[in-house]
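What follows is a short report on a single structure.
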Amino acid sequence: MNNWTSIRTDDTLKETVQHGNAAYPFAYYLENIWDFDFHCMDWHWHHELEFISVVEGTAICYAGTDMLKVPAGCGMFINSSVLHRFEATASALIPNIVFSPGLLAPENSLIYQKYILPVLHSRISWQLFSPQIAWQGQILDILAQIYRLQEQETDTELATLRLLLKLWDILVRNLDIPDGEKALSRPDHRQARLQIMMQYIHDHYQKELTLQEIADAASISKSSALQIFHSGIHLSPVAYLIQYRLTQAAGLLYTTRKPVSAIAQETGFASAGYFCRKFKERYQMSPKEYRAKKV
């Protein structure tokens, strides 16, 4: 079998993997985006904070309503509960850490209320780090130290926490959070509506779907649905529907021996010919070639 893998999410696109455990909610990963199925870590979100560095290649990140290219030597922070996606056009090695904000301080503490909650409740979805900017270079250096700890030593919890607090101190002192935002929770109605519509697509992708039906799922107009999809994931609802159908079809291709025509029908495509054209457009290989590659 090919070693490609994928991000696992629930119907709201929340990632289902547990990062660390309740006693120590911290996890370190050394991942290559190119190794993921179709070279993409697909749309997901989590309550944990995430920091990544790019040590090889270029990571393309969609976070919130933005698309960013993060080259080797740079990194980024992704805030709690922000919908995001990584993809690459070649090998892109990204060591990264994912941890609960509560690891830094108890939620009822002054430290949490004064230095952590304002970031969580701000409108900041992400922050890029470049070695050319002094404070951002400091964060990249600390991240590198954290990665080395996880890779080379045991009993690293205290040293890791000490570095995380140092990193967070630098981040908070340099983020631009307007005073008016600090007492407000971050409204996320657009993302909630986006997730409702995406869940509706996940539940009904096997049948014919119209833009009106997708918009009705979130009780909004068709024009609002188009705008929310474009700003949220840079696709139209119909384009996302086709992409989701193709993802489900890809799963069936390597987990079953069903004929391509049967898979096309089962995943909502009007004809096998149309399915094959769309599959090759997206994945640069035919369904049969994909099946052969996976088995």
Exercise. Got a sec: does the CD of Q248 have more than 12 other heavy atoms crowding it under 6.0 Å?
Worked result: yes
For this session: Indicate, with yes or no, if the rings of Y29 and H19 have centres closer together than 6.0 Å.
Result: yes
Exercise. Hey, mind stepping through N32 and S91 against side chain to side chain donor-acceptor pair (under 3.5 Å) and telling me if it holds?
Worked result: CA-CA 7 Å; N32 193 323; S91 180; 2.7 Å; yes
For this session: If a pair satisfies side chain to side chain donor-acceptor pair (under 3.5 Å) and one of its residues is in residues 157-171, list it, with sequence neighbours excluded.
Result: Q150-T160, D169-R173
For this session: Could you walk me through whether S53 and Y147 pass side chain to side chain donor-acceptor pair (under 3.5 Å), step by step?
Result: CA-CA 10 Å; S53 302; Y147 305 149; 2.9 Å; yes
Exercise. Would Q132 and S130 count as a side chain to side chain donor-acceptor pair (under 3.5 Å) if you check the C-alpha gap in whole Å, the side-chain angles of each, and the deciding distance to 0.1 Å?
Worked result: CA-CA 5 Å; Q132 276 73 48; S130 167; 3.0 Å; yes
Problem set entry | From CA spacing to verdict: side chain to side chain contact (heavy atoms under 4.5 Å, CB included), L253, V260 | CA-CA 8 Å; L253 282 167; V260 169; 4.3 Å; yes
Exercise. So, H44 and T9: side-chain donor and acceptor under 3.5 Å apart, yes or no?
Worked result: no
Problem set entry | Side-chain H-bond candidate by donor/acceptor type, Q145 with D141, under 3.5 Å | no
Exercise. How far apart are the C-alpha atoms of Y290 and F279, what are their side-chain angles, what is the distance that settles it, and do they pass the ring pair (Phe, Tyr, Trp, His ring centres under 6.0 Å) test?
Worked result: CA-CA 10 Å; Y290 176 77; F279 196 95; 5.7 Å; yes
Problem set entry | Option among Y200, F269, Y205, W43 that satisfies the ring-ring contact (aromatic ring centres under 6.0 Å, His included) test with Y244 | Y205
Problem set entry | Worked check of side chain to side chain contact (heavy atoms under 4.5 Å, CB included) between D37 and D42 | CA-CA 9 Å; D37 217 357; D42 217 345; over 6 Å; no
Exercise. Can you tell me how far the NE2 atom of H84 sits from the SG atom of C61, to the nearest 0.5 Å?
Worked result: 6.5 Å
For this session: Taking R193 for its side chain and S224 for its backbone only, find out whether a donor-acceptor pair lies under 3.5 Å.
Result: no
